Amino acid sequence: MSPDLLEQGGERLRSASGPGYGRVVRPGQLDLTHGRILYLEDVHVSFDGFRAINGLSIDIAPGELRCIIGPNGAGKTTMMDIITGKTRPQRGTVFFGGTIDLLRHGEAEIAQLGIGRKFQRPTVFEALSVHENLELALQGSRALRASLWGRLSGAQRDRLAEVLTLIRLQDRMTRSAGLLSHGQKQWLEIGMLLVQDPKLLLLDEPVAGMTDQETERTAELILTLKGRHSIVVVEHDMGFVDRIAEKVTVLAEGAVLAEGTLAQVQADERVIEVYLGR
């Protein structure tokens with residue numbers, strides 16, 4: 001069950017049960033007392049009578065890498081829309097850590113809280129260089145001109161260099177993003193999230209359209225990030241899921257159908273019936 005939460009003045013929050021009871025959590029501080037970085041319980045969303053999310057309950061531990069699979073229309077993208085504030089459920093509970101009620105925040109606020117999302121299609125500034133894209137992401141809400149021609153601190157330069165190495169684009173840092181391959185654009189977009197140091201990464205079909213080599217490199221990148229960030233990956237490529245996943249959640253008709261290792265869910269008759277086929 002979800003921990004009971006009490007809001008005091010909209011700023012100071014205490015957990016009303018469990019080991020964190022009575023502890024003040026300052027604004028902006030992520031409370032991981034209960035061992036969850038993300039928690040959804042009994043979430044419902046309907047669009048014109050269609051139940052896109054139907055009693056969805058799921059929780060993610062700090063530092064966990066969770067893969068979400070399921071047939072088209074299972075609610076995977078809608079789940080991410082709910083977490084990031086793009087879609088509001090009719091009812092349910094959605095918490096970031098033990099005290100941050102995501103349903104009380106808008107998309108921009110949720111991003112500032114530390115949740116980064118990569119969509120299915122890469123969205124980079126193609127006229128700008130790889131380095132300029134990362135710099136712009138690092139500077140956040142500052143104006144474009146100020147972001148690109150302002151001075152970076154030593155720590156910021158170090159961070160950009162670290163991310164360029166992680167995404168293996170250090171030798172292409174001056175190349176226009178529009179000249180990158182599809183896979184490289186995907187890595188650049190992941191890098192644009194990483195420079196903001198998110199606590200939770202949501203990756204929607206990160207290897208869609210990639211070559212086998214690009215898919216393998218993406219797996220290596222995500223495994224490198226494991227533990228540094230909590231990561232939720234929505235993906236259809238079972239080979240890729242097998243490469244990176246420890247725990248897999250299968251969605252169907254807007255709810256959790258099965259959870260476990262990939263081998264366990266692949267052997268589940270319900271999963272075979274609705275998703276994997278015989």
Side-chain angles (χ1 to χ4, degrees), residues 1-64 66 68 74-119 123 137 140-142 192-194 196-204 229-234 249 251 254-256:
M1 295 296 292
S2 173
D4 295 327
L5 300 167
L6 175 65
E7 179 178 1
Q8 300 183 353
E11 295 183 352
R12 296 173 62 191
L13 297 168
R14 299 175 187 265
S15 172
S17 65
Y21 178 72
R23 185 168 61 84
V24 174
V25 179
R26 296 182 177 86
Q29 179 182 355
L30 189 61
D31 179 12
L32 301 177
T33 302
H34 297 279
R36 297 166 175 155
I37 192 168
L38 180 67
Y39 183 84
L40 289 78
E41 182 180 24
D42 196 28
V43 176
H44 293 256
V45 173
S46 295
F47 300 115
D48 297 325
F50 170 70
R51 294 182 179 180
I53 297 292
N54 188 23
L56 176 62
S57 296
I58 190 171
D59 61 88
I60 308 296
E64 181 180 354
R66 178 76 63 88
I68 311 291
K76 303 183 297 295
T77 296
T78 303
M79 179 193 71
M80 288 195 168
D81 288 345
I82 292 167
I83 296 167
T84 55
K86 186 176 180 180
T87 295
R88 296 290 182 185
Q90 279 76 46
R91 62 186 174 95
T93 300
V94 185
F95 269 83
F96 186 43
T99 58
I100 300 174
D101 184 352
L102 292 180
L103 301 184
R104 298 189 179 189
H105 297 275
E107 290 184 73
E109 293 174 320
I110 289 172
Q112 291 171 357
L113 286 169
I115 298 178
R117 178 180 183 180
K118 197 204 82 62
F119 290 84
T123 53
S141 60
R142 292 177 56 187
M192 292 170 70
L193 294 175
L194 293 178
Q196 300 170 56
D197 198 26
K199 299 175 180 67
L200 174 65
L201 274 171
L202 306 177
L203 306 179
D204 198 350
H229 309 267
S230 301
I231 307 172
V232 176
V233 178
V234 167
T249 297
L251 298 191
V256 173

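The chain is numbered in sequence order, starting from 1. Keep in mind that this is a model prediction, so the values were computed, not measured.
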Non-hydrogen side-chain atoms of [X] and [Y] separated by less than 4.5 Å:
{"X": "Phe95", "Y": "Leu102", "answer": "no"}
{"X": "Val256", "Y": "Leu56", "answer": "yes"}
{"X": "Tyr39", "Y": "His34", "answer": "no"}
{"X": "Ile68", "Y": "Ile58", "answer": "yes"}
{"X": "Thr33", "Y": "Thr99", "answer": "no"}
{"X": "Leu194", "Y": "His229", "answer": "yes"}
{"X": "Lys118", "Y": "Val233", "answer": "no"}

Supply the atom-to-atom distance [X] [atom1] to [Y] [atom2], rounded to the nearest 0.5 angstrom.
{"X": "Thr78", "Y": "Leu251", "atom1": "OG1", "atom2": "CG", "answer": "10.0 Å"}
{"X": "His105", "Y": "Leu103", "atom1": "NE2", "atom2": "CG", "answer": "9.5 Å"}
{"X": "Met79", "Y": "Thr84", "atom1": "CE", "atom2": "OG1", "answer": "10.0 Å"}
{"X": "Arg117", "Y": "Leu203", "atom1": "CZ", "atom2": "CG", "answer": "10.5 Å"}
{"X": "Ile60", "Y": "Ser230", "atom1": "CD1", "atom2": "OG", "answer": "8.0 Å"}
{"X": "Ile100", "Y": "Ile37", "atom1": "CD1", "atom2": "CD1", "answer": "9.5 Å"}

Measure across [X] and [Y] and return the closest heavy-atom pair with its distance rounded to 0.1 Å.
{"X": "Gly116", "Y": "Pro198", "result": "N-CB, 3.9 Å"}
{"X": "Ser46", "Y": "Gln90", "result": "N-OE1, 2.7 Å"}
{"X": "Met192", "Y": "Ala137", "result": "O-CB, 3.4 Å"}
{"X": "Thr87", "Y": "Phe47", "result": "CG2-CZ, 3.9 Å"}
{"X": "Val43", "Y": "Ile53", "result": "O-CG2, 3.1 Å"}
{"X": "Pro89", "Y": "Ile82", "result": "CD-CG2, 4.1 Å"}

(request) Give a yes or no on whether the backbone of Asp42 and the side-chain of Ser57 come within a donor-acceptor separation of less than 3.5 Å. (result) yes
(message) Is it the case that the side chain of Arg51 and the backbone of His44 share a donor-acceptor pair, with hydrogens and angles ignored and the cut-off at 3.5 Å?
(response) no
(message) Under 4.0 Å between a side-chain nitrogen and a carboxylate oxygen: does that hold for Arg66 and Asp59?
(response) no
